[in-house]
Amino acid sequence: MDFSITDKQKKLQKAAREYSLKWLLPTVHKYDDLGITPVHVIVEAWKAGLMNLPIPKKYGGNEYGLLEEALIVEEMSAAAPGMATTINGNNLGLEPLIMCGNEQLKEEICTDLIKNFGIICFATSEPNMGSDVGGMICKAEQDGEEWILNGKKYWITNAGFAKYASVFANADPKSRHKGIGAFLIRMDKESVEVGRHIEKMGHRCSNTTVLKFNNYRVPKEDILELPGKGFSLAIKTFSRTRPIIGAMATGLARSAMEYAIHYVKKRRAFGKNLAEFQALQFLLAECYQKVETARLMTWRSCWDADTGKDPLLWASMTKLYAAEIAMDVASDALQCFGGYGYTKMQPIEKLFRDAKLYQIYEGTSHIQKIIISRHVLGTYDPVMPPLEDVPFAPVDEDYDDKLEYFDDIKKSKGAKKAWRCRICGHIHYGDEPPEECPVCKFPKGVFKEVWSR
Ligand SMILES: Cc1cc2nc3c(=O)[nH]c(=O)nc-3n(C[C@H](O)[C@H](O)[C@H](O)COP(=O)(O)OP(=O)(O)OC[C@H]3O[C@@H](n4cnc5c(N)ncnc54)[C@H](O)[C@@H]3O)c2cc1C
């Protein structure tokens with residue numbers, strides 16, 4: 001096992017940090033106040049090779065793995081979570097394209113996004129559904145080899161200035177996820193309408209809008225997946241993008257903690273620096289532990305994806321944990337600032353507002369828990385035998401009983417078989433179970449063989 005990153009990865013992390021401190025940090029508060037996306041700042045990320053990270057080498061990209069993405073995105077998010085959402089939006093929009101089998105389309109779009117600055121967004125959510133992806137009703141109707149889209153997509157990050165969109169629509173809403181297909185949309189077509197930017201509490205410099213399709217014709221060349229295969233493509237996409245939300249949440253939490261560390265070392269109360277109060281020392285110790293754990297989980301889920309394992313489960317655990325701790329750490333860090341934390345005089349209130357989104361987009365925390373609990377109660381492979389097979393003999397408080405218990409163990413050394421009473425846990429050693437349990441008096445049938453020698 002090796003938790004270190006390579007020199008190449010360190011270089012990439014450094015480049016992302018330099019970009020973030022030079023371009024994102026100095027501009028983010030102004031654009032957050034204005035609630036607009038500074039496109040010129042995003043263009044700089046593209047120029048620095050920090051966008052479109054998964055584009056394969058054969059199309060001119062760097063074909064970065066998820067770990068490289070996580071390293072880059074943590075740095076961006078630490079400086080400006082909303083702009084990190086904007087920049088990372090292309091990675092989200094690109095995943096369905098890169099994973100689909102339409103080679104010609106991949107080549108065209110990927111090559112274009114490498115040569116020219118451009119935005120590709122991702123759309124599953126609709127006005128009446130977000131968590132329930134299978135319940136989408138934006139309609140895809142077949143017309144010969146073409147598909148005609150009608151309906152709305154809601155909350156679409158970057159749709160306001162995107163050139164392309166990876167859009168999921170349903171050919172048969174009654175059959176839910178079985179009817180979902182995926183299509184590459186060219187946003188300059190007249191049959192695409194983009195709504196007004198939605199004002200938000202956080203991530204205010206990421207653009208969020210409604211998308212409407214009025215008889216949008218998708219030629220067969222622009223199909224990502226035919227209806228029937230789109231749902232699985234969306235889920236595979238989330239499995240790869242949720243670890244990256246983990247990296248974003250880690251970056252935000254890291255900054256919140258660092259600002260608080262700085263503040264408590266300077267601010268004085270009761271004749272001391274705040275840093276000398278154990279209550280705040282413990283608070284920051286917990287923040288640090290949470291940030292480091294979130295990063296470990298992020299790297300673990302990236303490792304799953306990068307080594308060809310199915311990242312679904314770890315992606316959900318990572319997103320859930322990192323989103324929750326980002327909220328906790330932002331809140332605890334703000335607490336260290338006292339009243340100043342609650343004002344726009346310090347950067348911490350913005351991080352507090354920004355943190356909430358991680359618990360919502362790309363599957364809410366509830367949805368991650370649904371995925372994890374399905375595993376825990378379904379596919380999880382336990383090491384322990386079923387409860388009723390556990391060779392467990394309760395020891396009574398009574399000393400005599402204890403002696404009897406130890407006698408039992410002595411006796412058991414010669415025994416070939418052991419039988420456990422399913423009612424009270426009494427263990428009987430011998431070739432056959434007793435006619436009656438000597439403790440709870442239930443008949444022979446309650447005994448189950450638990451081991452044999
Ligand atoms: C700023 C922003 C940017 C976004 N960007 C995009 C984007 O680029 N592309 C895109 O497609 N979408 C995007 N989204 C949409 C986002 O993915 C959804 O908002 C999210 O999935 C939740 O869906 P919803 O808002 O419809 O909430 P709902 O699904 O209505 O859920 C409401 C509440 O009910 C809970 N809930 C729902 N079902 C269950 C259940 N079965 N068990 C327990 N609790 C449940 C949810 O957890 C949530 O707390 C964005 C959203 C925001 C706010």
Side-chain angles (χ1 to χ4, degrees), residues 1 66 70 95 99 124-125 128-136 168 170 173-180 228-250 289-290 293-328 356-394 420-425 427 445-451:
M1 195 173 281
L66 281 198
E95 284 291 352
M99 281 193 282
T124 53
S125 305
N128 291 318
M129 83 81 202
S131 304
D132 180 15
V133 175
M136 68 174 63
F168 293 75
N170 208 332
K174 277 201 223 92
S175 70
R176 292 180 46 84
H177 61 276
K178 289 185 189 140
I180 297 175
K229 292 187 171 169
F231 182 76
S232 138
L233 185 64
I235 299 303
K236 278 195 224 148
T237 299
F238 291 137
S239 294
R240 290 183 57 79
T241 54
R242 285 175 183 157
I244 301 305
I245 305 293
M248 288 185 172
T250 304
Q289 174 258 326
K290 287 173 181 169
T293 308
R295 184 181 301 110
L296 273 179
M297 292 186 75
T298 299
W299 287 13
R300 159 65 210 251
S301 51
C302 292
W303 176 80
D304 267 359
D306 292 344
T307 53
K309 295 172 190 62
D310 181 358
L312 177 89
L313 180 67
W314 269 89
S316 282
M317 293 201 292
T318 299
K319 182 178 184 283
L320 172 66
Y321 181 77
E324 300 296 314
I325 70 101
M327 206 59 224
D328 292 349
K356 187 67 196 169
L357 185 59
Y358 301 134
Q359 293 176 321
I360 297 172
Y361 68 178
E362 293 203 36
T364 65
S365 289
H366 296 131
I367 296 303
Q368 309 315 323
K369 285 181 191 171
I370 290 173
I371 293 169
I372 300 161
S373 57
R374 262 187 213 140
H375 170 69
V376 170
L377 296 170
T379 47
Y380 178 74
D381 188 14
V383 174
M384 289 295 132
L387 203 48
E388 57 182 19
D389 290 357
V390 176
F392 156 74
R420 181 174 189 272
C421 172
R422 288 197 190 113
I423 305 299
C424 69
I427 302 284
V446 298
F447 278 92
K448 184 167 186 207
E449 194 177 336
V450 284
W451 55 256

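Please read all numbers here as calculations on a predicted model, not as lab measurements. Both backbone and side-chain heavy atoms feed into the values below; hydrogens, waters and symmetry mates do not.
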Results of side chain to side chain contact (heavy atoms under 4.5 Å, CB included) for S232 - residues two or more places apart only: K236
Side-chain (N170) to main-chain (H177) donor-acceptor, under 3.5 angstrom: no
S301 vs P311 side-chain heavy atoms within contact, under 4.5 Å: no
Set of residues satisfying side chain to side chain contact (heavy atoms under 4.5 Å, CB included) with respect to I360, sequence neighbours excluded: K356, L357
Non-neighbouring partners of T237 that pass side-chain hydrogen bond (donor to acceptor under 3.5 Å, both in side chains), sequence neighbours left out: none
A249: side chain to side chain contact (heavy atoms under 4.5 Å, CB included) partners, not counting sequence neighbours: A322, A326, Y358
Heavy-atom pair of closest approach, residues I180 and G134: CD1-CA, 4.0 Å
L296 CG to W303 CH2 distance, which is reported to the nearest 0.5 Å: 13.5 Å
Euclidean distance, L377 CG relative to I372 CD1, rounded to 0.5 Å: 12.0 Å
Considering all heavy atoms, the nearest T298-P243 contact: CG2-O, 3.4 Å
Between CZ on residue R240 and CG on residue L66, distance to nearest 0.5 Å: 4.0 Å
Results of ring-ring contact (aromatic ring centres under 6.0 Å, His included) for F447 - residues two or more places apart only: none
Whether H375 and Y380 hold their rings parallel, tilted or perpendicular, with breakpoints at 30° and 60°: perpendicular
Sub-4.5 Å side-chain heavy-atom contact between E324 and S365: yes
Which residues share a salt bridge (charged side-chain N to carboxylate O under 4.0 Å, His left out) with R300, sequence neighbours left out: D304
Any V133 side-chain heavy atom under 4.5 Å of F168 side chain: no
Short side-chain to backbone donor-acceptor contact, K319 and G363, under 3.5 Å: yes
Main-chain N/O of M297 paired with T318 side-chain donor or acceptor, under 3.5 Å: yes
Salt bridge (charged side-chain N to carboxylate O under 4.0 Å, His left out) pairs, two or more places apart, involving residues 361-376: none
K178: partners by salt bridge (charged side-chain N to carboxylate O under 4.0 Å, His left out), with sequence neighbours left out: none
Contacts of R295 that satisfy salt bridge (charged side-chain N to carboxylate O under 4.0 Å, His left out) - sequence neighbours left out: E74, E292
Min side-chain heavy-atom separation I325-T293 under 4.5 Å: no
Residue pairs passing the ring-ring contact (aromatic ring centres under 6.0 Å, His included) test where at least one lies in residues 306-328, sequence neighbours excluded: none
Distance, nearest 0.5 Å, that separates CD1 of I371 from CE of M317: 11.5 Å
Pairs touching residues 305-315 that satisfy salt bridge (charged side-chain N to carboxylate O under 4.0 Å, His left out), sequence neighbours left out: none
Closest heavy-atom pair and its distance - A70, I244: N-CD1, 3.7 Å
Pairing residues for K290 by the salt bridge (charged side-chain N to carboxylate O under 4.0 Å, His left out) criterion, not counting sequence neighbours: D328
Atom pair CD/CG of Q368 and L313 - distance to nearest 0.5 Å: 10.5 Å
Separation between CD of Q359 and CG of L320, rounded to the nearest 0.5 Å: 9.0 Å
